[in-house]
Amino acid sequence: MITTDLQGILEDAAAHLYVWALMDIPQDLRDALVDASERETSVPGRRVLSTILRNVQIADDQKNLVCQDTGIAVYTCRVGEHFPLHPTRIYAALKAGTERANWEFIPEWDGLDVKCVPKGSGSENMSFLKMCIPADGVKGIKQFVLESIVGAGGKPCPPGIVGVGIGGSADYAMYLAKEAIARPIGTKNPDPHVAKLEEELYALLNETGIGPMGLGGDVTVLQCHVEHADTHMTLNPVAVNYQCWAARRASAHITVDGVVDYDREA
Ligand code: SF4
């Protein structure tokens, strides 16, 4: 009988994802950084963005890391109900490269998706949570996001992706914010009300003048993503999580037969 070593295959995939994410940033991020360098009008901001682009090119040419801060490896897993490897074995396989795993269990599916998102410490340190009250409304949410990003200044290595999580509980709101920073640049929340909030926050945050690396300029954020969940009628938790300009991510889909499909765009 031939058996597939799914745990070994997953372990190799996790190791590959981490190194791949650290060395080769996704195309949507590359495009956003080029776009930012063309939009930026401040001299220090243009200089920072040109240094960032040169840094990315050198990493490509020399097969080196995009940033010296390898961050913490955050893995997000979507596990099919019929995927034949118990979560404890999945966790063991990820452990070598993982500090933390987020799980989502999918009924009537036999696959496994793993996404690796290395989080630089500079940006992870700029994480904020506020338990707003419902009366604060959307205005209160905007105010908190704005205050958080203004307070963070140049510390999270801007321009990056601002993730906002709204709803659920305190911990779930932060989980949503982290989901938000892991979305490709250019994607919108499928809910038109939330997509509108993403656009408004993006415009608002770029009016702050913080600019690349906090040196002043037009481009403070490359994108603002919002994820939301239902919550209790007396709650309104809002979490902000920042992903720096080195917004690295890499994904793999693993089938029940152990076939690994690496995906740059997910
Ligand atoms: S760019 Fe990101 S990974 Fe690099 S030092 Fe800044 S926060 Fe850390």
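Treat the numbers as computed from the prediction; the structure is a model and nothing was measured. Order of listing sets the numbers, starting from 1, for every ligand and every atom in it.
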message: Are there over 12 heavy-atom neighbours, none belonging to Arg47, within less than 6.0 Å of that residue's CZ?
response: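 Not more than 12 within 6.0 Å, no.
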- prompt: Closer than 2.8 Å to atom 4 (Fe) of ligand 1, how many protein N/O/S atoms do you count?
  reply: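 That number is 1, waters not included.
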- request: List for me each residue that meets side chain to side chain donor-acceptor pair (under 3.5 Å) alongside Lys155, sequence neighbours excluded, and say none if there are none.
  value: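 Residues passing side chain to side chain donor-acceptor pair (under 3.5 Å) with Lys155: none at all.
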- request: Taking side chain to side chain donor-acceptor pair (under 3.5 Å) as the test, write out the residues that go with Asp230, two or more places apart.
  value: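 By the side chain to side chain donor-acceptor pair (under 3.5 Å) rule, Asp230 matches no residue at all.
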Salt bridge (Lys or Arg N to Asp or Glu O under 4.0 Å) pairs, two or more places apart, involving residues 232-250: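 Every salt bridge (Lys or Arg N to Asp or Glu O under 4.0 Å) pair that includes a residue of residues 232-250, provided the two are not neighbours, is Asp28-Arg249.
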task: Using a strict 4.0 Å threshold on nitrogen-to-oxygen distance, state whether Glu200 and Lys196 make a salt bridge.
output: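 Lys196 and Glu200: salt-bridged.
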task: Say whether Arg248 and ligand 1 are in contact under the criterion: heavy-atom distance to a ligand atom below 4.0 Å.
output: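 Distance cut 4.0 Å: Arg248 passes for ligand 1.
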- prompt: Is there side-chain contact between His225 and Asn189, with heavy atoms separated by less than 4.5 Å?
  reply: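 No, side chains not in contact.
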